[in-house]
Structure formats: C-alpha cells, structure tokens
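Everything quoted here is computed from the prediction, not taken from an experiment. Counting starts at 1 for both ligands and their atoms, following the listed order. Reckoned from all heavy atoms, side chains included, excluding hydrogens, waters and symmetry mates. We're numbering straight along the sequence, starting at 1.
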Amino acid sequence: MGKPDNDGDLSHSLYTPELLRACQRLPKIELHAHLNGSVRPQTIKDILDERSRAGEALPVTEQELADITVGGERSLRDCFRLFDVIHAVTTTHAAISRIAAEVVRDFAADRVVYLELRTTPKARPEYGMTKESYTQAVLDGIDAALAQLRAAPPRAASQQQLLPADAPAAAAVALSPAAAGSTASAEPGRQAGAGAGAGGQGAGEVASPSHAQMVAASEGVVLSPRAAPSHASAAGVDVAASVSSGTSAAAAAGAGAKGPGTMAESGPGEDVITVKLLLSIDRREDAAAALETVQLAARLQSRGVVGVDLSGNPYVGAWSQWEGALGAARAAGLRVTLHAGEVVAPQEVAAMLAWRPERLGHCCCLDAELAAQLKSSAIPLELCLTSNVLTQSVPSYPEHHFAELYAAGHPVVLCTDDSGVFGTTLSREYAIAAAAFKLPVSALHELARQAVEYTFASAAEKERLRRLVARELAELEGGL
Ligand SMILES: CNc1ncnc2c1ncn2[C@@H]1O[C@H](COP(=O)(O)O)[C@@H](O)[C@H]1O
C-alpha cells in the first residue's frame, strides 16, 4: 500500500523548520480530530506486543501491521480498511483510555489550547463493550490526561529529554509517509520518544513518540515537549500547568471538579488545554444505532460532550438514514458537524447544505453550483490539508480548495483529521497552509483567532478563549 516517498506530500519542500517552529508557538484550536485516527503508531505496536506476550492470537496480520506502521499514500478506501485494523487492535477499555490520554497530551504539546475530539462510540459485546462504556473510557482517558497536565509541575517539562536536532526521521514509527523516513525497523521511538512523550506519560501510558515529535524529527527541529506560551518562558516557566475543560455550568460549580465538562482550577499562568468531545455516527450505522449515539451524547453533555459528527466511509450509506437522529441531536441542544463531499456526491451535499449543520468537514468534491451554495451558506468549514492530499481527495496542496474559500472570506479552520494515520500535527498544517498559499504571519494569527468563533464552546468559554488567544498572539507579535 502506498509509496514511502509519497510526493503528493510536498510539505518538506514547502515549509522551513523556522516556519514550523513559529506555527508551534501559535495558540491553536483543533476542531476536527478523530480519536482513533490520532493514535500514536507506537501505541498500536505496544498493544499488539502486550497481547502477543499474553499469548493471544493477534487480530491483524503481519501485512496489516506493516500497513499501519510503515504507511504510505492511501486512497480513501485503503484509509477505511486501516481504521478497521486499528479498531481490531483497540478492543479494551484500558486501550481506549490510554489512546485518549495520549491524544490529549499530544495536542497540548503542540500548543493546541482548545480541542474538540471526536470518536465513534462502539458497541462490541464480544469485548464487553457498549457505546456507553466505550465513551466513558474515552472520557476517563481525557480526565487522566487533564489531571496529569494540571498536576505536572512547571519545571517537569524542562527536565525531560528533548529530541536532538539531528534525530533521524527513522527514530519514529509512522503511520504515514509524512513522518516515515525509512522507519519501522529499529525499535522506533523508544529512544527518541522516551521521556519526551508530550510532556511525560500519563497513567497507563508508556513511552511512545507523539506526532509532534515525529514531525519534528523528520524536519530536524528541536521540539520542546511543551510549546510554552512565550510569557511563561519569559518568567522562567517552561510549562503552563493549569488546565481547563468543560462547561460553563461546571465552571460555575467551582474548581477542582473532575473531567471534561468540568472546569479545573486556573493556575497563575495560563490554561493549557480545554477538551470537548463530539460523538460520531459512522456511516455504516442504521437509524437506530445513530439515534443511540445521539441519546448518549445528550446524556453526557454535562461531561463535555458538545456535539455530534457524521463520518465514516463516504462510499457507504445514505443521508436519509441519519437525518432523524441528527434532528434529535439538534433538538437536544447538541451541535452538529457533517463530513461532506469527500467524494463526488452532489445530491447528498445539497441535502446536507439544506439541513444547515453548524459546521461541515472537507467539502473537497463540490461542483461550481454547490461551491457557490456553500459560500452563501457561510457554514464554517473544517479543512484538513494533509488528509485530503494523501487520500487524493485533492490533487496537491496549492490546488486545495482552502485557497479559493479563504480568498472568498469563507469561514475556515485548519485541522488535522487523523494525525496518527497521516503523520501530521496542527502546527504542521498551519505551516503547510502558510507555505502553499503564501500566507503572511498576520494571516496565520487571524486564522488562529477566528477559529475560536467556530468552536462549539459556550459563549462564556468562547470569551475566555478569545482573551487567551489574543493575549498569546499579542505576546508573539510583541516579540516577547
Ligand atoms: C480521512 N477522512 C475521514 N473521512 C470520514 N471519516 C473519517 C475520516 N477519518 C476518520 N474517520 C472516521 O473516524 C473513525 C476513526 O476514529 P474513531 O474510531 O471514531 O475514534 C473512522 O473509522 C471513521 O469512521
């Protein structure tokens, strides 16, 4: 599957290490990240190793494992086969919690200050898993990561081993060519990632390299485990240790409460990351299964579930299957975002636009008429440059529809989609956008600022985020 030196991915020649570093310093908002697509490749290997040591028959073949760990340019169809392989590996609640914790820490390490993570609740009776227990495991993992980020003393990050500037790309296992280099053979990431795992390991975590580290290694960039806000480093602090998550209601209920959906205490410095969860409906699911997910999301709003997503293989299913469940989501006060137009499907995209979700994802394959309708709808669009190029939904970075929509002033937000599968980070997506579309730094700042407006956060949280992002950008602009 794929070719390691995939030149659909021109990112290495597009941007410089300096540009990547500048993007790592930006306070960023991530609104389109699939949990299992954001898994660290090494974690998949670790889980398989553990199961193998326990004498279990492995759920994937050698070839499937190679497909995960070596990667390559992938068609969308191949991509969905890969997700099935990942799901075959991640069958325990502990694995789900571990992945959620690592993903939160990886985004925090990439200076993402607000994360809307999304995942498909899975009912897998053969593993004693219900949609509810799966989602609880995700929430527990998020809680664990936030608790650890909150507790980590500011100096902890500075004591961690940094990735050497000359660390070879091969130091990391990669799911994709973007960070692959030659990869996979030599106990990857163990050395490079050890102790530098996005600011240390959480409960149940072992050392495995984050995407930020893999990207940094492939770019020859020294990456601080925690890209601290500049004022913090000016004060001799490497890491902002306070973390917030959750709803304003929980905030009003006071500090110290636990988990997404609650507001943790704010420390003297800065909030590290706020995390919200969207529950995804997989396009393979029928109306009843979709409704079950919506009802679960509605019940878990107090824990930080803010919305519902429709995703999955775009070649499967029909819009009419999920419309009822999505209507129920709306009635329950949940926000809705839809994957639209990843493949040519004009009738479906027209129906989705008419339904008016709060956000849309991708919209790669729209004809001129639909593109005009999208623009007049002003529905904010989650754009995932690397994902779209690697899955060949768009021909190249410069030809990505970001350019046209951005020029038209359409609300857009840069996102990663599946940072593990595509070996990317949000900082890298910003760097690619800057280089491919010749955006000045001020435009990157404006993208970061505007992203706040497209979150599914409450009005109070948006206001807090606006202030946080504005303050950090002002410091960057002031060169502090
Ligand atoms: C590449 N573009 C994409 N288009 C559509 N759906 C995608 C996707 N990338 C990921 N997913 C959806 O997210 C699931 C994996 O994460 P979770 O198990 O939910 O955490 C995939 O199985 C698919 O349903």
Pairs flagged by salt bridge (charged side-chain N to carboxylate O under 4.0 Å, His left out) wherever residues 310-333 is involved - sequence neighbours left out: Arg330-Glu358
Cation over ring face, Arg428 and Phe422, 6.0 Å, 45°: no
Cation-pi check, Arg77 onto Tyr315 ring (under 6.0 Å, within 45° of axis):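 Yes, Arg77 lies over the aromatic ring of Tyr315.
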Give one line per pair: atom of ligand 1, protein atom, distance. Only N/O to N/O under 3.5 Å.
residue, atom, partner, partner atom, Å
ligand 1, 2 (N), Glu342, OE2, 2.8
ligand 1, 2 (N), Asp417, OD2, 3.3
ligand 1, 4 (N), Glu342, OE1, 2.7
ligand 1, 4 (N), Glu342, OE2, 2.9
ligand 1, 6 (N), Gly312, N, 2.9
ligand 1, 9 (N), Asp418, OD1, 3.4
ligand 1, 9 (N), Asp418, OD2, 2.7
ligand 1, 13 (O), His34, ND1, 3.0
ligand 1, 18 (O), Asn36, ND2, 2.9
ligand 1, 18 (O), His87, NE2, 2.6
ligand 1, 18 (O), Lys122, NZ, 2.7
ligand 1, 19 (O), Thr120, N, 2.8
ligand 1, 19 (O), Thr120, OG1, 2.6
ligand 1, 20 (O), Asn36, N, 2.9
ligand 1, 20 (O), Asn36, ND2, 3.0
ligand 1, 20 (O), Thr119, OG1, 2.6

Residue pairs involving residues 406-416 (criterion side chain to side chain donor-acceptor pair (under 3.5 Å); sequence neighbours excluded):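 Of all non-adjacent pairs touching residues 406-416, those that pass side chain to side chain donor-acceptor pair (under 3.5 Å) are Glu30-Thr416.
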Val349 side chain near Pro346 side chain, heavy-atom distance below 4.5 Å: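 Side chain of Val349 against side chain of Pro346, heavy atoms only: no contact under 4.5 Å found.
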Pairs meeting criterion ring-ring contact (aromatic ring centres under 6.0 Å, His included) with involvement of residues 97-129, two or more places apart: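 Matches after skipping sequence neighbours: none remain.
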